[in-house]
Amino acid sequence: MKKVKKIKIKNSNILYKKALKIIPYGSQTYSKGVKAFSDGVSPKFLAKGKGCEVWDVDGNKFIDYVMANQPLLLGYADEDVNQAVKKQLDLGSTFSVSNKLEIDVAELLVKHIPDADGARFGKNGADATSIAVRLSRAITKRDHIAFCGYHGWHDWFIGTTDLNSGIPKFNNQLAHSFAYNNISSLEKIFSKYKDKIACVIMEPITVNGPISKPSGSTKWKDYNKDNNFLTDVKKLCKKNGALLIFDEVVTGFRYDIGGAQKMFDVIPDLSCWAKAMSNGIPLSAITGRKKYIKYLEKTFFSFTYGGDCIGLAAAKATINKIEKKNVIDHLYKVGGRLKKGMNYLAKIYDLEEMIACAGYPCRSVMTIKKFGQYQKPLITKSLIQQELMFRGVLWSQYHSISYSHKNGHIDKSLNAFEDAFKKLNKIVKNNKKIENSLIGKPCETVFTRVADFQAVATSQKN
Ligand SMILES: Cc1ncc(COP(=O)(O)O)c(C=O)c1O
């Protein structure tokens, strides 16, 4: 194994010190701050990005797998998106009445998304999930909701985690979490809150996709169109008079241009979109069946930057490029190479019981299990992250593949993973403590779920 030098992060640390004096936590997003990236070995400030590469304020260059928390489907500073945005800037960014771009992008959503008879736009993913939940409450005249996954920073969701300060407790009494691929956890909610559940809001894919039986294999290939978790959830919603909302903020335009609902042919009543739809320029959307989405005429969803044309211009350029360039096929191909390579390396370095690259190739995740004396996956993650950082790979456990990640980037990254796995193998073989090899502070979870079924014990999301 080549000896690598610790990277210099002097300028990052100077800026961080400065930021901390005036910016609480020093970052605008939890999962972009020191909790998520091992302090002492990771850059804290990036200066520029192009394609799938970024440069930090100390001049270190990285292949990025975080991609700004996943929206950069095409890559940083994509020429086509930039051109569309620059053109729109010269025409005006936001107006006093509507702009035709709102119709253009709504038409693209209606064309591609199965549930979309219409659309309205927001800025953050949480705008879309919040209005979807509000709409379901308005339509059903019920207050309780069931959820599965991460849905944003608003009270009803984050109130169920340990980051719930400032959130009135009643929120927790109304929001109930269930476990993915475990239909009985949702059945229990429906029976406990009979005729009270307004909607089920869920990420249609978490890491792996829907499976036929809760206790069966969790391989995504086990999907069965007529007998799977998503179909069962839909049936339960129908039976209980609740709306089904798919939170496609991550899956949308990445797993399939029409989202997970198109992949699995399970059409929800409403769905939420953001991230990849506009390649990192803020935009989100709610879509849905006509009989539900029409309630937006009288359910309040309105803000100054609704219909902001910069995000819309970016979305139009992004969606057109996804279509034209077969972007999603590329994500699966290149992401498949990474996934296969990583699992091969885990095998040859005897780490299969600890480490696996799981999920869909377009956004795979490294799962890290407790093993022997190594009972803290976050410590194992911190070591891998540290070794990757030193080898020019910016990594936070998932692989947000973009159109800009090419085979060469994947191969370079696999070399870095190989070195990291070699180091871990040596530690495990010699029964040593991983902590002794950490140079920085281990990364932490952003929050822990505290209510209900403990469906997802911890999360690294925003
Ligand atoms: C599945 C899912 N839904 C909703 C959100 C919230 O989106 P935003 O952070 O843009 O508000 C996220 C963010 O990570 C997400 O992953």
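Just so you know, these numbers come straight off a predicted model, no measurement behind them.
Side-chain atoms of Thr251 and Glu248 form a donor-acceptor pair, as typed in the model, at a separation below 3.5 Å. Side-chain contact of Asn124 with Ser284: a donor-acceptor pair under 3.5 Å is absent, judged by distance alone. Thr287 and Arg120 share no donor-acceptor pair across their side chains, judged by distance under 3.5 Å alone. Of the N and O atoms on the side chains of Ser184 and Asn182, at least one donor lies less than 3.5 Å from an acceptor on the other residue.
Applying the side chain to side chain contact (heavy atoms under 4.5 Å, CB included) rule to Ala317 yields the partners Val81, Ala84; only residues at least two apart in sequence or on another chain are considered. Residues passing the salt bridge (Lys or Arg N to Asp or Glu O under 4.0 Å) test with Asp39, sequence neighbours excluded: Lys44. Qualifying salt bridge (Lys or Arg N to Asp or Glu O under 4.0 Å) partners for Lys61, counting only residues two or more places apart in sequence or in other chains: Glu53. For Lys111, the salt bridge (Lys or Arg N to Asp or Glu O under 4.0 Å) criterion is met by Glu323, not counting sequence neighbours. Applying the side chain to side chain donor-acceptor pair (under 3.5 Å) test to Asn60 and every residue at least two apart in sequence or in another chain returns Asp56. Applying the ring-ring contact (aromatic ring centres under 6.0 Å, His included) criterion to His330, with sequence neighbours excluded, gives Tyr403. In this view, Arg337 and Asp411 satisfy the salt bridge (Lys or Arg N to Asp or Glu O under 4.0 Å) rule, not counting sequence neighbours. Scanning for side chain to side chain contact (heavy atoms under 4.5 Å, CB included) contacts around Tyr25 gives Ser27, Tyr30, Val34, Lys35, with sequence neighbours left out. In this structure, the side chain to side chain donor-acceptor pair (under 3.5 Å) partners of Asp104, at least two apart in sequence or on a different chain, are Lys100, Lys316. In this structure Phe303 satisfies the ring-ring contact (aromatic ring centres under 6.0 Å, His included) test together with Phe301, sequence neighbours excluded. Residues passing the side chain to side chain contact (heavy atoms under 4.5 Å, CB included) test with Val365 are Val207, Arg363, Tyr398, sequence neighbours excluded. Take Ser404 and apply the side chain to side chain contact (heavy atoms under 4.5 Å, CB included) test, not counting sequence neighbours, and it matches Cys52, Ser402.
The pair Lys381-Glu444 fails the salt-bridge criterion, with no side-chain N (NZ, NE, NH1 or NH2) lying under 4.0 Å from an Asp/Glu carboxylate O. Ionic pairing of Asp58 and Lys10 is not present here: no N-O contact between side-chain nitrogen and carboxylate oxygen is shorter than 4.0 angstrom. A salt bridge between Lys423 and Glu387 is present, with a side-chain N of the basic residue lying under 4.0 Å from a carboxylate O of the acidic one.
Residues Trp395 and Val66 are not in side-chain contact: their nearest non-hydrogen atoms beyond the backbone lie 4.5 Å or more apart. Within the 4.5 Å cutoff, side-chain heavy atoms of Leu230 are placed close to those of Phe246.
Atom NZ of Lys432 is surrounded by 12 or fewer heavy atoms from other residues, nucleotides or ligands within 6.0 Å. Atom CD of Glu79 sits in a sparse spot, with 12 or fewer heavy atoms from other residues, nucleotides or ligands closer than 6.0 Å.
Each of Gln397, His399, Lys339 was evaluated against Ser364; a single residue qualifies, His399, per the side-chain hydrogen bond (donor to acceptor under 3.5 Å, both in side chains) test.
For His405 and Tyr65, the distance between ring centers is under 6.0 angstrom.
A donor-acceptor pair under 3.5 Å links the side-chain atoms of Glu203 to the main chain of Tyr150, judged by distance alone. The backbone N or O of Ser42 lies less than 3.5 Å from no partner atom in the side chain of Gln386, so there is not a single donor-acceptor pair. The backbone N or O of Ala77 lies less than 3.5 Å from a partner atom in the side chain of Lys50, making a donor-acceptor pair.
Ring-plane geometry between Trp156 and His154 is classed as tilted, the angle between the planes lying from 30 to 60 degrees on a 0 to 90 degree scale.
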